[in-house]
Amino acid sequence: MSTEYEISRIQERWLPIWDKLKPFDSSREDDDRPKKYILDMFPYPSGDLHMGHAEAYALGDVVARYWMQRGYNVMHPIGWDAFGLPAENAAIKRGLDPRAWTYENIDQQKSSMRRYACSFDWDRVLQTCDPIYYRWNQWLFLQFYERGLAYRKNSNVNWCPSCQTVLANEQVVQGLCERCDSQVTKKALTQWYFKVTDYADRLLDDLDTLEGAWPSKVLTMQRNWIGRSIGANVDFEIEGREQPVSVFTTRPDTLYGATFMVVAVDSELARELADAAPTDVKAAFEDYLDATKQANDIERLATDREKTGLFLERYASNPLNGERIPIWVSDYVLADYGTGAIMAVPAHDQRDLDFANAMKLPVRVVVQTDEDPIETGIATTGDGVLINSGELNGLGKAEAIEKAIEILEDRKTGIRSKNFRLRDWLISRQRYWGTPIPIIHCEKCGEVPVPLDQLPVELPDSSGLDLQPKGTSPLGAASDWVNVACPKCSGPARRDSDTMDTFVDSSWYFLRFLDPNSEEVAFDVEKAKSWAPVDQYVGGVTHAILHLLYARFFTKVLHDMKLIDFEEPFTRLLNQGMVLMNGAAMSKSRGNLVRLSEQLDEHGVDAIRLTMSFAGPPEDDIDWADVSPAAASKFLARAWRVANDVKSAKEVDPTTGDAEMRKHTHQFLKSFGEAIEGFKFNVGVAKVMELTNALRKAIDTGPGAADPAVREGAEELAKALSLYAPYAAEEMWSVLGHEPSVALAGFRAVDETLLVQSEMVAVVQVNGKLRDKFSVPVDISEDELRELALASEQVQKAIGSSEIKNVIVRAPKLVNIATG
RNA sequence: GCCCCGAUAGCCCAAUGGCAGAGGCAGACGACUUAAAAUCGUCACAGUGUCGGUUCGAGUCCGACUCGGGGCACCA
C-alpha cells in the first residue's frame, strides 16, 4: 500500500472496479430502498465536455450521491440530445456524416463522464438520434395530431436566413437567431405547430405549485413569457363591411376614450380594408406595407421609434356611444396578437398617445387622475373616476371594467376574454438531422398520418443528399424515401420532408429513461408511477423558458392522455451558474478558454469536482481566476492522510471512543445533511474540512490515532467526501479496511444524545454590546442567569451609574441589559 | 422605463433577529530539515455599499439611494 496519495494511480484503479460493481444500477426489481429520481440536463454532443459541463455534472453528482448515502435507490441517468444543427453544419463544412460525427462525440463525452466519475446508471443511456428513440417522437406527434394538438397552418414565421430554417418564437432573441445571431426575418410559410396555447392557462397557473421549489427567476421568466391578459373582445361595426371587427382590450372601461382604430399593417384585415379604399390610399398602403416588411424586428421593437401609419379613409363605429372613428394602419399593432386590430385610447395608453400626437388625432380623457395626459404627453393608466363616459361616469376603474363588459355582453357587441403572449409552438424545420414528421401528403386524401405499425419513419442515409441549406428540407430530394404510396388510397403520395425541432426530443426524455430500450412503448406507465416525476432536476438557466416550458406542456398532455398521474415534470429545479474566466464567458476568440482536459490532467478529477462545489453557492457564477484547484488537491491529500493514520481495527465499537471527537463527528453529520439538502454544497465542503481538521487534531494532540472515535470520524469523512471526490473517498474507504464501494456505504445515523451539551457559553450584552461571557449549565433558569449576569464586574462597569430599564434573558445563551 | 437578485477581511465565501467568521486562498511567524519543498502548528486582518427606520438587540426585517448582475420592454 502506498503512503502517498497519487491522482493518476487511484483514478486508474477504481474505474474497472466500479464497472464491475455497478454501484449506480437502479434497475433491480427487488430493490426495496425508497426511490429518488435525480436528473441532470442531458448534453448536446458538440465536441468534448467543457468546464460548464464539469460544473453541472459535479453538482448533480453531489445531489445524487448524497441520496445514495442516505439509503435511497437513486435513478441518475444520462443521455444525449443528439439531433440538431451543429452536426449538420459540421457535415456541410467538413464533409462529414452527421451521424458519424454525432456518435463520435457521444463516445468521447461518455468516456469523459466515466473518467469524471459521474454516478450515472450506464444501463439507461439514450440518444435522441437513435430510431428507437425518435420513433416515439413520431408516435407522440401522431397522438398530438389525433387530439388536434398538432396542426399545419400558413403564417408569417420567423426565418433565419443563415440557418435557412424557420424558428420558434422562443428561439428569436432580441430579433436575432438564438443560435447564430443573424437577423431574423419574416416569411409566409405553411408549417407544423403544437397547440401550446390550449394549455396556456394551466402552464401559467401551475407555476404557483412550483413556488419555492424552482428558482423564482425561472418562474418569473415563464410567467412573463406566457403573458396572460384579461379583458374583452369588443365588436366595432365598419362602414362598408358586413362583419364587425373585433378588437381585444384590457381596458373596456376606456371605450368612450377610443378616438380611432388601428389595424396591423401586415394583417389580412388591413389588406381587405385597403382593397376597398380609394386608389391613392391603396397605393400608399402598398408602399407602407413594403417598408414594414423590410424593417427587421430590432428596428420594429425599438421603444423610442417614431410612430408611423396611414389613414385608410374608412370608419368604424364605437359600440357604446355610436361615435364614428377613423381607421388607421400601423406597424405598432401586431398582426398575430389578439385580432390584429385595436381600439386606440390615447389618453390612457402611451403607444396610442404617441401615435395620436404624431398623426394629430384627438385625445379624450375618460379616467380622471391628477395628471392630464394631453398636457404632459404621458398617458395615465392608474385608477380614477370615469368621466365623459355616459353610463360609466362616476365609477372607479375596476367597477367600470366590469360594467362595460356587462353592457357589451348584454348588447351582444362584446364578450369577456383573455389573450396570451404565448404563441403556438412552431415545430417543423427544413433541415436533415432531426426526427422526420410522420405525415404523408396525398393529392387525393390530403394529410395522412403514417400508420403506427409503420413507425419509425427512419431518416434516410445522408450520403447523396445535399445538406446545404436552401430553404427547403434536404429530405425532399431523397426521392426513394420521399415518394411513397398513400396509406389510405395507395395512390402516389409524398412524405412530409420537414423534421422536428429538437426541443420535441427533450420535452419527454426524462420519461424515456424509465424504459430507454423499449420497442413496445414510449415509457412504461407503471414505471412512471413509481419513479416520476423527477425529484431533482439540475441544469443551466439558459433553458429557463424554452426547454422547461415545452417539457411542462408535454407533461400536461401526457397527463391528459392518462399516461402519467402528475402534471409537473420536475418537482425541484436547481440552476447552476456559469464558469467564467476573468469575469467573462470563456471563448476561444476572447482568448480566455480554460480546457477541462488540461485541468483534469493537472489536478485530477477529484480536485476539479471539489473546486466546482466549493467555489460558492451553486447558482452563482464561478470565476476560474478566483478558485484554486491546487488547494483542493492539497486538501484531498490531507483528508487521505487522516484516513491513512487511523490505527484502530475496523471492528472497534465507536461508542467506546473519545466523547469530544464523537461529538464533532455527529455534529458534522447533522449539519452536512442540512447543507446538502439546502443546496449549500460549498458549505458542505467547509464542514468536511472542519471534520478533517478535528480529526487531524485528535490524532496528533488528542486521544490519538487508535481511538475508536477517530475511526468513526474518518469513516464518515470518507462517505461525505465521496459526494465530491469519489476517487479519494474510495481510496480512504479502502485504507480504512472496507470493501468498495464507499458510494453505497451509507451515513451513520446521527446520535442526538451526543449533541446535547451540558454547558454552554452565555453572553451578556449591555445595550446590545458584548460585555462578558461565561460558561453556564444548559438548563440554567432565567432568574439564575439574570443574577449571574448582573453580578458580573464587567457588566456592572458597563452599566455604571445609569438606570437599568429592561433585562432581556434568553437562557442559556444570552442576557441583554438595557439602561436608560 | 418596469421587475428580480446581489454587495461581509487583500480575494472566494459562512453566519434560525442574539459573541461578525464555518471553511478556503493569498500573507506573517514557528516546528521539522544541512537547506528548501512538502507537512504540522500559531497568528494577524473587516464591523457587513450609503442614509434613515423598527427592535432590548439588525449583516439579517422595513424604506430610500449607489454600484454590479439578470429578466422584461410597442402583446393593446
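Only this structure's heavy atoms are used, side chains among them; waters, hydrogens and symmetry mates stay out. Residue numbers begin at 1 in each chain, while the letters A, B, ... track the order of the sequences.
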Quiz item: Taking CD from E619(A) and P from G71(B), how many angstroms apart are they, rounded to a whole number?
Solution: 16 Å

Practice problem: Could you give me the CA-CA distance, side-chain angles and deciding distance for E660(A) and K697(A), then say whether salt bridge (Lys or Arg N to Asp or Glu O under 4.0 Å) is met? | Solution: CA-CA 11 Å; E660(A) 268 309 296; K697(A) 209 167 179 177; over 6 Å; no

Self-check item: Integer angstrom distance from the C1' of A15(B) to that of U48(B)
Solution: 11 Å

Quiz item: For G47(B), does the O4'-C1'-N9-C4 (purine) or O4'-C1'-N1-C2 (pyrimidine) torsion place it in syn, i.e. within 90° of 0, or in anti?
Solution: syn

Quiz item: What one-letter contact string describes nucleotides 9-15 of chain B from 5' to 3', where B marks a base within less than 4.0 Å of any protein heavy atom, S marks contact via sugar-phosphate atoms alone, and - marks no contact?
Solution: ---SSSS

Report each atom pair, protein N/O against N/O of nucleotides 55-61 of chain B, whose distance is under 3.5 angstrom.
residue, atom, partner, partner atom, Å
C56(B), O2', N816(A), ND2, 3.4
C56(B), O2, N816(A), ND2, 2.4
G57(B), O4', N816(A), ND2, 3.4

Without placing hydrogens or testing angles, list every side-chain donor-acceptor pair under 3.5 Å for residues 607-619 of chain A, not counting sequence neighbours.
residue, atom, partner, partner atom, Å
R609(A), NE, Y724(A), O, 3.1
R609(A), NH1, D61(A), OD2, 3.0
R609(A), NH1, Y116(A), O, 2.9
R609(A), NH1, A117(A), O, 3.0
R609(A), NH2, D61(A), OD2, 2.9
R609(A), NH2, L723(A), O, 3.1
T611(A), OG1, A607(A), O, 2.6
S613(A), OG, R609(A), O, 2.9

Self-check item: Check: N816(A)/R810(A) side-chain N/O donor and acceptor closer than 3.5 Å
Solution: no

Quiz prompt | Non-neighbouring partners of F248(A) that pass ring pair (Phe, Tyr, Trp, His ring centres under 6.0 Å), sequence neighbours left out | solution = none

Practice problem: Would you kindly give the CG-to-P distance between L717(A) and G23(B), to the nearest whole Å? | Solution: 15 Å

Quiz item: In the structure shown, which nucleotide is the Watson-Crick or G-U wobble counterpart of G41(B), with both distances under 3.5 Å?
Solution: C29(B)

Exercise. Could you give the distance separating C3(B) and A73(B) at their C1' atoms, to the nearest angstrom?
Key: 11 Å

Practice problem: Please state how far atom CG in L770(A) lies from atom P in G47(B), giving the value in whole angstrom units. | Solution: 18 Å

Exercise. Answer yes or no: does atom CD of E268(A) have more than 12 heavy-atom neighbours from other residues, nucleotides or ligands under 6.0 Å?
Key: no

Quiz item: Between atom CG in D349(A) and atom C1' in C74(B), what is the gap in whole Å?
Solution: 9 Å

Exercise. Compute whether any side-chain donor of one residue and acceptor of the other, for W624(A) and Q599(A), lie under 3.5 angstrom apart.
Key: yes

Check nucleotides 36-40 of chain B for protein N or O atoms closer than 3.5 Å to its own N or O atoms and list the pairs.
residue, atom, partner, partner atom, Å
U39(B), O3', R641(A), NH2, 2.9
C40(B), OP1, R638(A), NH1, 2.8
C40(B), OP1, R641(A), NH2, 3.0

Quiz item: Does the side chain of Y337(A) come within less than 4.5 Å of R423(A)'s, by heavy atoms?
Solution: yes

Quiz prompt | Whether over 12 other heavy atoms sit under 6.0 Å from E752(A) CD | solution = yes

Practice problem: Measure the distance from CG on N693(A) to C1' on A22(B) and round it to the nearest whole Å. | Solution: 11 Å

Self-check item: Watson-Crick/G-U partner (both atom distances under 3.5 Å) of C19(B)
Solution: none

Quiz prompt | Nucleotide opposite C72(B) in a Watson-Crick or G-U pair, distances under 3.5 Å | solution = G1(B)

Quiz item: How far, in whole Å, is C61(B) from A7(B) if one measures between their P atoms?
Solution: 10 Å

Quiz item: Given side chains that start at C-beta, do those of L549(A) and L422(A) come closer than 4.5 Å, heavy atoms only?
Solution: yes

Exercise. Please list, chain by chain and in numerical order, all residues satisfying ring pair (Phe, Tyr, Trp, His ring centres under 6.0 Å) with F355(A), sequence neighbours excluded.
Key: F260(A), W328(A), Y332(A)

Self-check item: Considering all heavy atoms, the nearest L785(A)-A762(A) contact
Solution: CD1-CB, 4.0 Å

Self-check item: C1' gap between A58(B) and U16(B), integer Å
Solution: 15 Å

Quiz prompt | Test item: side-chain donor near acceptor, T380(A) and H348(A), under 3.5 Å | solution = yes

Exercise. Report yes if some heavy atom in the side chain of R251(A) is under 4.5 Å from a heavy atom in the side chain of D349(A); otherwise report no.
Key: no

Exercise. Take atom CG of L353(A) and atom C1' of C74(B), then tell me their distance rounded to the nearest Å.
Key: 13 Å

Practice problem: Whole angstrom is fine here: how far is it from CG in N224(A) over to P in G70(B)? | Solution: 17 Å

Quiz item: With nearest nucleotides of RNA chain B determined for F248(A) and K217(A) from heavy-atom distances, which residue corresponds to the more 5′ nucleotide?
Solution: K217(A)

Quiz item: How do R421(A) and V685(A) order along RNA chain B: which one's closest nucleotide is nearer the 5' end?
Solution: V685(A)

Quiz item: Considering only the P atoms, how many Å lie between A64(B) and G57(B), rounded to the nearest integer?
Solution: 23 Å

Practice problem: Scan every strand shown for a Watson-Crick or G-U wobble partner of U60(B), both distances under 3.5 Å, and answer none if you come up empty. | Solution: none

Exercise. Can you tell me, in whole Å, how much space there is between the P of U8(B) and that of C51(B)?
Key: 16 Å

Self-check item: Neighbour count >12 (heavy atoms, 6.0 Å) for atom NZ, K670(A)
Solution: no

Quiz item: Nearest-Å distance, CD (Q222(A)) to C1' (C72(B))?
Solution: 14 Å

Quiz item: Expressed in whole Å, how much space separates the C1' atoms belonging to G10(B) and A26(B)?
Solution: 8 Å

Exercise. Provide the distance between the two P atoms, one in G18(B) and one in C25(B), to the nearest whole Å.
Key: 29 Å

Quiz item: What nucleic acid atoms does D623(A) come within less than 4.0 Å of, heavy atoms only: base, sugar-phosphate, or nothing?
Solution: nothing

Quiz item: For G6(B), which nucleotide in any strand shown is its Watson-Crick or wobble partner with both distances under 3.5 Å?
Solution: C67(B)

Quiz item: So what does T250(A) hit on the nucleic acid, given a heavy-atom distance under 4.0 Å: a base, only sugar-phosphate, or nothing?
Solution: sugar-phosphate

